[in-house]
Amino acid sequence: MPRAAFQQFLERFPRTSISMMGVRGSVAAVLLILLAGFPALPDASAQSLVQWTEPAASEHRSETPDEIRIRFSQPLDPAGGSLRVLDRSGKPVVAGDASNSADNRELALPLPHELSDGVYTVQWAATPSNSGEPESGFYAFSVGSQEIPLVSSPPESQLTDSTSWLDAAARAIALIGTTAAAGLLLVWLTVLRPVLITSGINPRGLGNQVRRLAFAGVALAATGALSAIVLEVQRAGGGIANLQRILTESSDGSAWLLQLVHLIFLSAGIAIPALWGSRQSWKMPVIGLIAAGSALVPMALSSHAGRQTIGYLAGAANQWVHLLGISVLVGALLLIGFLSTRQPETWRSAVNRQFWLRLGFLAGVSAIALGLTGLYAFHLNAGSVAALTETGYGEILIPKLLLSGIVLAVCTGFAAYLWRRSSESVPRHFVGVLAGVVLLLVTGALAQSGRLATKEFTGREAYLAQQERQEHEFVAGDLRGVLYLTPGVAGHNRFTLDLSAPGATLSDTAQTLVRATPKEGVIGQRERLLLPQDICTADGEVIDSPVARYEGEGLDLSLAGEWDLDVVVQRLDGENARIPLSIAIADATLPESGPGPPLRFDGIQPALAFLAGTAALVLGGLMLVRRRRGEGGADLYGMIAGVLLVFTVLALWNGRITHTPDAQARNPIPRTVESVETGRNVYLEHCAVCHGADATGEGEAGPQLERPPADLTASHMDSHPAGDIAYWIQNGIDPAMPGFADQLTDDEVWNLVNYLRSLRHPLDEN
C-alpha cells in the first residue's frame, strides 16, 4: 500500500473506536504497521492522490462549512477540476468547476447556501499534471445539530452458533428420550398403576414391560447427551483436557453433564421395584414422580427462556411445566400404542373405563398447560409475527407450532370424546393407530425443538438485530466470518468483522480491511481499516471468545443504493483472503415494527406461581370430574384450586418487571476498567449527592427528597437491562429523580451504566 494511502488511513480512522479497544491498543499499533503489506486494488491510487480535505472525511460539522477544499499530493492540470456535493439519496445539491490554488495542488468550491442537517458526499475529479490521466474519488461529511450517533457493536458473535445437523439431532434425541422415560413413569404412576391396583389386578407383569420401555428412553436420552458432548469436544480439538474444560467451563457442557446426572437419578427411580408392583405405599411413588420431574430440570434451565439474564427463574419454571406436559403426552401415547397390541381380556370392562377416563383427564389438563406455557414461551422467544416470519429462528419455529397445534387439537378432542361418551365404545385398534400418528407428530415437534435449541439467538433477538444492522456471512478457505454493518443505512456506520478459523488465534495474527465501491452515483472507492476489538454481551460486559473481532466506523457508506464491498484479510499464519460482497444501503432507518420488551417476572415467587398455576389447573379438573361422577370432595378441590389461582395471579403481578421504551437498547461501550472509572467520575459529580458516595442511597440530599433514593447496590439492579438504566438516567424517575439528558452525553450515560453494573459485578482489573 502506498505510504500516502496508509497515512490517509491513520488520519480518518475515528478516535472513538480506538479509545474503545481497551488492552488491545498496543496490538492495534503493530497491526497498523503490518497493514502496509495489504494487496492494493487499482482504485486505491485515487485515494493516495488526496492529502487532506476540508471538511475532513467522516467529520461532523454543527454548521455548514463555507467551502469544500481538497489538497492533493501532486500538482494538478492548471485547467482545474470539478467538485460535486450530493445528499444521501445521490441528488446533487452543489456542483461546479472548482478553482485551483496558486501552486495547483488544491481545489475549492464555495457552498452558496446553508445545507440542511444530514450526510453529504463530495465527488471530486482532477487530472495530475505529471500523468495527464484524469482521476476521481469521493468522501463524506455530515452537518447538523446532532452529533454522530453512538452505535453499539453486535452482542457476542453469530459465529459462536457453529452447530450442525448433528448437534440438532443429538439434542432432539436427548429431548425425545428424556420426555419418553419421564412420561412413561408419570403416566404409569398416576393412571395405569392405580387403575390396576383398585381393580384387583397385579401390575407386576405389565409394569415390568413398561419399565423396560422407560429404561430404553433413558438410554436414548443418554445417547443424545453423550453425542452432544462428543461433538463439543471434537470442535475443541479433542483430548481429555478439552473434555474436562468443556464439562466444567462451558455452559453447554455443564448443562449436558447435569442432564446425565439427572438421568442417573431417573434410572434409579425407574429401578425401584415397588413402583411396578402392587405394594400400597405413597412414599415410593412420590420418589418416582420427583425423579421423573427432576429429569426435565436441566433441559428447562438450558432452554432459551431459562438462559435469559432477567427473569430466568420464571422462564425456566414455565419451560419446565411445558416439558412436563409434553412428557405426559409422550408417555400416554406410548402406553396407548403399547396396550393396543397387548391389552388383556380383563380390560374389557371396569379397568378399561377407568383407564380411559383418567387418561383423558390427564391429556386434557396437559393440553391446556401446553397451550398456556407455549404462548408465554412464544412471547419470550418471538413476540411478534414479524419475528416469526422474518428470522431463521422463526423458520424452525413455524413447523413446530403447526405440529404442536395439530397434536393439541387431537388430544383435546379425544379428551372431550372420552368425557362425553362411555369409554367401553372406544375402538382399541383405532386408538392405537391414532396414538401412533400423533406420536409421530410429537416426535417431529420435538425434533424441531432440538433444532431451535442450537440457535444462539431467539427470534426476538434476531429480528431486533436485523432492525439495527445488516449481517453478511461468508466462508473463505478455512476462514468463517460475518460482517455486520450498523445501522446499515446511508450515513455513519460501524463495520464489525467477526472471524474464526480452526486452531488459529486470529486476533493476534490477522489484519483486516474493508473497501467500499458504489455501483452508481459516484466514482471512487473508500477504504476502512478495522482494528481488534473486545467482544461484549448486550449489557456491555467483555467476554472471552474464540472469535476474533475487528471494528472501524465512519461515513464510508454515505449514499443509498447498491455497493460492492471487498473484505480483505491478511494472515501471518495462513492464506490471505479477499471476500467480495454485494450489499444494499437504504436511505434511512426503517421504522421498527418488531416486538416490544417482553413481559418478565423477577424472583422466586413468580417461578413458584407457574407451578401453583399448574396445580390449580389439575385440581380444577379433578373438581369437575368428581362433580360429574357425583363423588365427594369436589368442593375441597375447588377451594384449593381457587387459593392456588389467587396466589398465582398475585405472585405474577408483584413479580412483573416494568420496562421502559428503551429496554432493548444495547450498551455500545464495552464494560472495561477505563469505562467503569469514567462512569465513576460521572456518578460522583452528578449522582452521589442523592445516592451517596457508596451508591447505597444515603446521600446528603436524600432525606429532603419526596421519594428516598434507591440503593444502587441492591439486587433489583439486576432485574433491569442496560437500556432501562440509561433511560432513567436520561429522563429521570418521578417524583424525585431529575433527568440528565441535557447534562450528560450518550458516552457519559453508557459509561455511567457500566459503573453501576460494576457495583454488583466488579471487573477483574487484570
Side-chain angles (χ1 to χ4, degrees), residues 11-12 14-16 50 52-71 81-99 106-125 136-152 467-470 485-495 516-526 528 553-563 583-593 662 665 668 730 741-742 745-747:
E11 292 176 351
R12 69 169 180 269
R15 296 181 181 178
T16 55
V50 177
W52 53 261
T53 65
E54 180 70 23
S58 295
E59 182 181 357
H60 176 79
R61 291 286 186 94
S62 58
E63 298 180 353
T64 302
D66 296 330
E67 63 178 358
I68 302 296
R69 296 179 62 199
I70 302 180
R71 177 77 177 181
S82 63
L83 293 175
R84 288 192 304 156
V85 181
L86 303 88
D87 62 16
R88 64 194 304 165
S89 66
K91 178 182 177 181
V93 294
V94 179
D97 293 332
S99 59
E106 293 183 15
L107 293 180
L109 179 68
L111 297 178
H113 55 78
E114 293 291 323
L115 300 177
S116 58
D117 292 358
V119 176
Y120 294 92
T121 301
V122 177
Q123 169 77 75
W124 59 265
S136 60
F138 70 93
Y139 73 96
F141 66 95
S142 61
V143 174
S145 57
Q146 298 294 325
E147 293 291 336
I148 293 175
L150 187 64
V151 294
S152 61
Q467 300 297 302
E468 297 172 352
R469 62 182 62 89
Q470 293 188 30
L485 303 176
T486 310
V489 298
H492 188 274
N493 280 274
R494 170 172 287 173
F495 298 82
T517 307
K519 292 186 177 180
E520 57 182 18
V522 295
I523 300 174
Q525 184 180 84
R526 297 298 300 171
R528 178 58 55 185
E553 57 183 302
L555 290 172
D556 303 291
L557 304 174
S558 55
L559 295 171
E562 301 291 327
W563 288 72
I583 66 170
I585 297 297
D587 185 25
T589 303
L590 298 175
E592 186 176 316
S593 58
D662 294 344
Q730 293 174 318
D742 296 333
T745 65
D746 289 346
D747 292 60

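Counting begins at 1 with the first residue of the sequence.
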Please report the shortest heavy-atom distance between V119 and A140, naming the atom on each side. CG1-CB, 4.5 Å
dist S58:OG -> F141:CZ (nearest 0.5 Å) comes out at 11.5 Å
Once rounded to the nearest 0.5 Å, what's the spacing between atom CD of Q123 and atom OG of S136? 5.5 Å
What pair of heavy atoms forms the shortest contact from P65 to V143, and how long is it? CD-CG2, 4.3 Å
Could you please spell out the steps behind the side-chain contact (heavy atoms from CB on, under 4.5 Å) verdict for D747 and L150? CA-CA 8 Å; D747 292 60; L150 187 64; 3.8 Å; yes
Side chains of I68 and V85: closer than 4.5 Å at any heavy-atom pair? yes
Which residues pass the side chain to side chain donor-acceptor pair (under 3.5 Å) test with Y120, not counting sequence neighbours? S116
In this structure, CG of L111 is separated from CD of E67 (nearest 0.5 Å) by 8.0 Å
What residues, two or more places apart in sequence or in another chain, satisfy side chain to side chain contact (heavy atoms under 4.5 Å, CB included) together with P518? F138, V522, W563
To the nearest 0.5 Å, tell me how far R88 CZ sits from L555 CG. 9.5 Å
Could you check V122, D556, V50 and say which one makes a side chain to side chain contact (heavy atoms under 4.5 Å, CB included) with Y139? V122
What heavy-atom pair brings A95 and R84 nearest, and what distance separates the two atoms? CB-CG, 3.7 Å
Where do S142 and H60 come nearest, in terms of heavy atoms and distance? OG-ND1, 2.9 Å
Looking at A584 and E562, what are the two nearest heavy atoms and their distance? CB-OE2, 3.6 Å
To the nearest 0.5 Å, what is the distance between OG1 on T53 and CG on L107? 12.0 Å
Taking side chain to side chain donor-acceptor pair (under 3.5 Å) as the definition, give me every residue that meets it alongside E54, ordered by chain and number, with sequence neighbours left out. R61
Sorted by chain and number, sequence neighbours left out, salt bridge (Lys or Arg N to Asp or Glu O under 4.0 Å) with K91 holds for none
Step by step, work out the side-chain contact (heavy atoms from CB on, under 4.5 Å) result for I585 and L559. CA-CA 7 Å; I585 297 297; L559 295 171; over 6 Å; no
Within a strict 4.5 Å, meaning less than it, do heavy atoms of the T517 and K519 side chains meet? no
With sequence neighbours left out, the residues meeting side chain to side chain donor-acceptor pair (under 3.5 Å) with S89 are D87
Quick check: does any side chain N or O of H492 sit under 3.5 Å from a backbone N or O of E553, one acting as donor and the other as acceptor? no
CA sep, side-chain torsions, deciding dist, call: I70, L83, side-chain contact (heavy atoms from CB on, under 4.5 Å): CA-CA 10 Å; I70 302 180; L83 293 175; 3.7 Å; yes
With side chains defined as the heavy atoms from C-beta onward, is the minimum distance between P110 and D66 less than 4.5 Å? no
Hey, is the main chain of A516 close enough, under 3.5 Å, to the side chain of Q525 for a donor-acceptor pair? no
Quick one: salt bridge (Lys or Arg N to Asp or Glu O under 4.0 Å) pairs with a partner in residues 106-116, sequence neighbours left out? R69-E106, R71-E106
With rounding to the nearest 0.5 angstrom, report the CG to CD distance, L115 to E63. 12.0 Å
Apply side-chain contact (heavy atoms from CB on, under 4.5 Å) to residues L485 and R494 and explain how you reach the verdict. CA-CA 6 Å; L485 303 176; R494 170 172 287 173; over 6 Å; no
